[in-house]
Every structure is written in C-alpha cells, then in structure tokens.
Amino acid sequence: MKENKQDLMQEIVAFLKSRGFVFPSSEIYGGFNGVYDYGHYGYLLLENIKKAWMKSMIQERNDVLALDSGIFMHPMTWKASGHVDTFNDPQVDCKHCKTRFRADHILEKFGINADKQGLDFLNTELDKLRAEKKLVCENCGKAELTEAKVFSLMVKSNLGSPTDALSEENVVYLRPETCGGIYLEYKNTLDSLHPKLPFGMAQIGKAFRNEIVTKQFVFRTREFEQMEMQYFFNPKALEGKATEEHFEDWKNYRMNFYYEYGIDRDSLKWYKHEKLAHYASDAYDIEYKYKMLGDDFKELEGIHARGDWDLSQHSKFSGKDLSYFDEETRERFIPHIIETSAGVARTMLAFIDNAYTKEEVKEGEERIVLKLDKRISPVKVAIFPLMKKEELVNPAREIWKDLSKKYFCEFDTSGSIGKRYRRQDEIGTPYCITFDYESLEDNSVTVRDRDTMSQERIKIVDLRKYLEEKFEF
RNA sequence: GCGGUGUUGGUUUAGUGGUAGAAUACCUGCCUUCCAAGCAGGGGACAAGGGUUCGAUUCCCUUACGCCGCACCA
C-alpha cells in the first residue's frame with residue numbers, strides 16, 4: 001500500500017510534467033520550493049475549473065455577486081482580521097534533539113487553553129511549567145526547550161517608499177487569503193449594486209503564505225489560488241432562514257458541485273471541525289480521498305459559519321459603519337457570514353486523481369485516459385486527417401478552423417491515427433474527429449468517443465449541431 | 001524544521017575515477033493507415049558550487065530540489 005501510494009503519486013507527477021500540465025517552478029535554476037507552474041493543458045484545466053465554479057456560484061444563482069480585489073491591501077486589513085497578531089505558529093524548539101513543537105499544543109497538554117494567545121501569555125505559562133520542572137521535550141525527555149518564538153505566515157512586501165517600508169507599523173503584506181478583499185468591498189458593493197440580504201460575494205484569486213514546510217506536490221504551496229464566497233445574511237430575519245438552514249444549504253450546494261462534475265461520491269466526505277475559532281459557530285470541510293496519496297482524505301473546501309466577526313472587526317478598525325438596515329424588521333445590524341473557501345490546485349488535482357484511468361485495450365496493452373467531465377477537459381475536440389496527404393489535411397483543417405471558433409480544438413497530423421487517439425485520451429479530450437478518404441466522397445467524418453472508443457459517422461454540415469448536443473449542459 | 005534517502009536526455013532508467021548506453025517520447029523522410037505498426041535518419045542528459053586527483057558524472061564537503069518518517073498545516 002505504501003509503495004502504491006508513492007508509485008502512483010510519482011507516476012502522476014511525472015505524467016503531469018511530461019504532458020505539459022504542471023511544472024516545478026524555476027527548474028533551470030535548481031527549483032524553487034513551494035511554487036508550481038502550469039503549462040498549456042494545466043492552465044486550460046484550471047481555467048475550466050474556475051469557470052465551472054463561477055458558473056455555479058454566480059451565473060446560476062441570483063444572489064451572489066462577483067469581485068476581483070487587489071492582492072495588496074491596506075495594512076490595517078490584517079490587523080483587523082487578526083492575521084498580523086495571531087496568524088502565526090508560536091514554536092518551541094528542543095535544543096537537545098532539535099524537535100520543534102507548537103507552543104500552544106504543549107500548553108494544551110497541561111490543560112492550559114492557549115489557542116490564539118499572544119507570545120507573552122505563552123511564555124509566561126511556559127516559564128511557570130519550567131519552574132515546576134514539568135517542561136520536558138516530548139521526544140527526548142530533556143528539559144532543554146527554548147522560549148516560544150513566532151514564525152509569521154504573512155508574506156511581507158517592500159511596497160512603497162523606502163522610508164515607509166522601514167516602518168513596522170506600515171508593512172504591506174501579500175494577502176494570505178482572498179476573503180479580506182470581500183469584506184473591504186462589501187460596503188461599495190452594497191452602495192453601488194444595492195443587493196438585499198441575503199446575498200453573497202465571490203472571487204477567485206491568488207494568496208500567499210510563508211509556509212514553513214511545503215510538501216506533497218501542489219497540496220501545500222506558498223503561492224496558491226483560492227475560490228471564495230462570503231454569504232451575508234440576517235440571522236434573525238423573520239421570513240428568512242435561520243443560520244443553520246443557510247449553512248445546510250451551502251453545504252449541500254457545494255458538495256453537489258463535486259458530484260455534478262463527476263467526482264465519485266465514495267471519494268467525498270464531510271469533516272466536522274471540533275475545535276472552532278472563537279467567532280465561528282460551525283465549520284465543515286469537504287474532503288476528497290486521493291488515490292495518489294494512498295486513499296488519504298484531504299481537505300478540498302471549507303464551509304464555515306463566521307458570525308458577524310469579520311465585518312465587526314473591519315467596522316471597528318476602519319471606523320466605518322458596515323451595518324445593514326433591514327426594511328422588514330426595521331433593524332440595523334451587522335450581517336452574519338457563511339464562507340465557502342476552496343483551493344484551485346487541490347480541486348484540479350482531485351479532478352485529475354479521480355479521472356486518471358488505466359484501461360486494458362487489447363491483450364497486454366493499456367491506455368491512460370483522463371476521464372474528466374467534458375466541461376472541464378482542457379481540449380474539447382481534436383481533428384485529424386487520416387493521413388498526412390494534402391487532399392485530407394486541407395479539408396480537415398477547415399473543420400478545425402470552423403470548430404475552433406466555438407471550442408478549444410487541436411489539429412494533429414503526426415504519427416498513426418491510433419497514436420493520436422491515445423494522445424488525446426491522456427489529456428482528456430472527449431471527441432476526436434477523423435477526416436478520411438471516404439469523407440471526400442460522402443462529406444462525413446468519424447467522431448470517436450474518448451470513454452467508449454466507439455465511432456460515429458457524422459455529416460460535416462451537422463458537426464456543429466452534433467457537438468452542441470454533446471456539450472449541452 | 002529534524003532524521004533518513006536520493007538527483008543521469010522531456011519521461012523511465014543502465015553504467016563508469018579516463019565526460020555515457022537504452023527504452024519511450026519528440027523531429028525529418030519513405031511507406032502505411034481508424035486505436036501507441038514498419039524502415040531509415042536526427043536532436044537531446046550526468047542538479048549547482050567547491051575540494052581531492054594528471055583526470056571527477058563517479059570519491060569528499062556545501063547548497064538547491066525531490067521522496068519517506070516525525071513535527072507542523074491560520
């Protein structure tokens with residue numbers, strides 16, 4: 001099992017590199033830890049996943065609005081959110097065996113609740129334990145633990161003038177999550193688009209974290225992309241839903257997204273957070289069982305009830321009124337929030353993990369197929385002339401030209417026809433169209449299906465209609 | 001971050017103190033054509049830096065990156 005896990009992971013990583021999906025960053029300089037680059041097909045796949053998310057979250061709802069906010073934000077943003085002061089892991093090292101622990105975890109073992117506490121508190125408590133000679137290394141047993149130190153997960157920039165940059169008070173950070181932008185543009189959105197509660201704001205974008213450890217391919221990276229939505233509602237609405245109902249609705253809606261795009265139901269499950277942030281009332285994660293990780297479940301998306309904490313904090317720090325006046329209840333209040341937050345790369349990897357299939361085609365011969373949902377396949381249609389002869393190549397190219405106006409298409413003349421089919425199977429192209437000698441006579445082409453490998457003869461004039469039906473969602 | 005281990009064409013790998021072979025992929029030509037056919041030809045690699053040595057891809061050190069375990073994951 002362990003060997004399988006490693007093998008499949010390495011196999012898929014090599015596959016994604018050799019087929020132009022995912023490259024390690026800066027490889028010609030020896031590599032750069034914690035960042036990955038996406039090649040042609042990887043980019044197309046990511047775009048399709050993001051489009052699918054936007055369609056589901058915005059286009060097919062009438063209560064969620066789009067946003068694209070900056071990566072740089074006012075420094076106060078992260079003070080209000082608590083990131084500057086608490087978005088870090090206070091660490092304690094053992095001088096003897098070099099093992100590193102989280103300070104709050106050590107204290108919790110002694111029954112001291114140290115969650116989200118400042119350094120002073122942690123060190124005072126650690127000192128007390130040290131004085132009682134209780135503070136020993138869990139690993140080697142020696143009493144040589146250092147004091148708690150902070151490793152900030154926030155990525156600093158040197159934006160601004162040199163004098164500004166020197167001031168600790170005005171450090172500009174790269175956003176560690178995208179939702180901050182939503183809170184900051186909540187008021188402008190309310191004032192310009194006048195949505196009524198309940199409504200949501202959604203955005204996709206990059207975020208940055210100075211992770212101490214980055215491992216397991218694209219699972220934990222320092223630069224990553226998020227798809228986030230914040231849903232604002234009145235928890236006391238007379239006619240409306242209660243918080244729990246909103247929460248259940250969003251849980252179902254998000255889980256259905258993965259079902260609808262073809263992820264196996266058995267590979268998805270809920271994880272309930274037992275330890276909640278002090279402002280949160282409920283928190284669940286959607287987890288996916290990665291075959292390439294030896295069937296380990298890993299977080300895909302979080303759905304969290306955040307109360308009115310975020311808007312209250314930003315209201316307090318900015319001095320601006322972020323409340324909402326409910327015509328129905330004649331009440332003014334700070335809306336509560338349910339957040340859905342998914343990682344783009346993890347989602348992509350889950351789709352690939354789920355779609356990566358090896359099939360026996362003939363005796364002892366297998367093919368690799370990416371059985372992706374048609375809607376997210378990087379390339380929709382590939383067009384081949386049966387042979388590399390002018391009389392076949394030219395009309396085939398005309399078909400490619402026409403279909404390319406509507407779909408992402410490839411045109412390939414190299415190698416045997418079988419080889420070209422296999423190549424498209426590997427990148428998940430749902431349909432291959434072959435123009436042969438017969439086509440010159442009957443104005444028809446062969447359409448070959450990725451999953452069944454079956455073929456149909458279709459009139460060239462009917463191709464658009466045929467594909468439209470196939471891609472009808 | 002700690003410990004272990006590794007790094008040879010795009011990918012998968014063989015091998016060596018005297019600068020390397022293969023499979024596959026790719027390109028060209030011929031031929032063939034509906035599921036990775038054949039023939040001929042071609043381009044392509046010892047992670048980086050330093051040391052030992054007449055000579056280092058090979059031995060030693062450092063760094064980078066990967067993998068496994070531990071720890072960590074707002």
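Proteins come first, then strands; the chains are lettered A, B, ... in the order of their sequence lines, and each starts at number 1. Small disclaimer: the values here were computed from a predicted structure and weren't measured.
In the set B/rC26, B/rC67, B/rC34, the nucleotide with an atom closest to the side chain of A/Y421 is B/rC34. The listed nucleotides are B/rC67, B/rU32, B/rC35; the one nearest the side chain of A/M387 is B/rU32. Listed nucleotides B/rA36, B/rC72, B/rU12 differ in distance to A/A14; the shortest reach to its side chain belongs to B/rU12. Distance from the side chain of A/S416 is smallest to B/rA37 among B/rU11, B/rA37, B/rC34. For A/K419, counting side-chain heavy atoms from C-beta on, the closest listed nucleotide (B/rC27, B/rA25, B/rU33) is B/rA25. Between B/rU33, B/rA37, B/rC35, one nucleotide has an atom nearer to the side chain of A/L386 than all others, and that is B/rU33. Listed nucleotides: B/rC35, B/rG29, B/rU11. Nearest to the side chain of A/K388: B/rG29. Closest contact between the side chain of A/N33 and the listed nucleotides B/rC67, B/rC65, B/rA36 involves B/rC65.
For A/F15 and B/rA25, the CZ to P distance is 15 Å, given to the nearest whole Å. The distance between atom CG of A/D449 and atom P of B/rC34, rounded to the nearest whole Å, is 20 Å. For A/E391 and B/rU33, the CD to P distance is 13 Å, given to the nearest whole Å. In this structure, the CD atom of A/E456 is 19 Å from the P atom of B/rC34, given to the nearest Å. For the pair A/R423 CZ and B/rU11 P, the interatomic distance rounds to 18 Å; values are reported in whole Å. Atom pair A/F384:CZ and B/rA36:P shows a separation of 13 Å (rounding to whole Å applied).
Nucleotide B/rA56 forms a pair with no other nucleotide shown, judged by Watson-Crick or G-U wobble geometry with both contacts under 3.5 Å. Nucleotide B/rG44 is matched to nothing when pairs are restricted to Watson-Crick or G-U wobble geometry with both distances under 3.5 angstrom. Nucleotide B/rU13 forms a Watson-Crick or G-U wobble pair with B/rG21, both donor-acceptor distances falling under 3.5 Å. In this entry B/rC34 has no Watson-Crick or G-U wobble partner, no candidate having both defining distances under 3.5 Å. A 3.5 Å limit on both hydrogen-bonding distances identifies B/rC39 as the Watson-Crick or G-U partner of B/rG29. Under the Watson-Crick or G-U wobble criterion, with both distances below 3.5 Å, B/rA64 is paired with B/rU7. Shown here, B/rC2 forms a base pair with B/rG69; the pair counts as Watson-Crick or G-U wobble because both key distances fall under 3.5 Å.
When each of A/I28 and A/R457 is assigned the nucleotide of RNA chain B with its nearest heavy atom, A/R457 is the one assigned upstream, toward the 5' end. If A/Q226 and A/D436 are placed on RNA chain B by their nearest nucleotide, the residue sitting closer to the 5' end is A/D436.
Side-chain nitrogen and oxygen atoms of A/K17 include at least one within less than 4.0 Å of the OP1 or OP2 phosphate oxygen of B/rU11.
In A/E365, the CD atom is crowded: over 12 heavy atoms of neighbouring residues, nucleotides or ligands sit closer than 6.0 Å. Heavy-atom contacts from other residues, nucleotides or ligands closer than 6.0 Å to CZ of A/F32 number 12 or fewer.
Ring geometry for A/W250 against A/Y231 counts as perpendicular: the plane angle is over 60°, on a 0 to 90° scale with 30° as the lower cut. Ring geometry, A/F217 versus A/Y36: the interplanar angle exceeds 60°, so the pair is classed perpendicular (tilted spans 30 to 60°).
Judged by atom type and distance alone, A/E366 does not reach the base of B/rA36 through any side-chain donor-acceptor pair under 3.5 Å.
A donor-acceptor contact closer than 3.5 angstrom is absent between the side chains of A/Y173 and A/T77.
In this structure, A/D353 contributes its side chain and A/K291 its backbone to a donor-acceptor pair below 3.5 Å.
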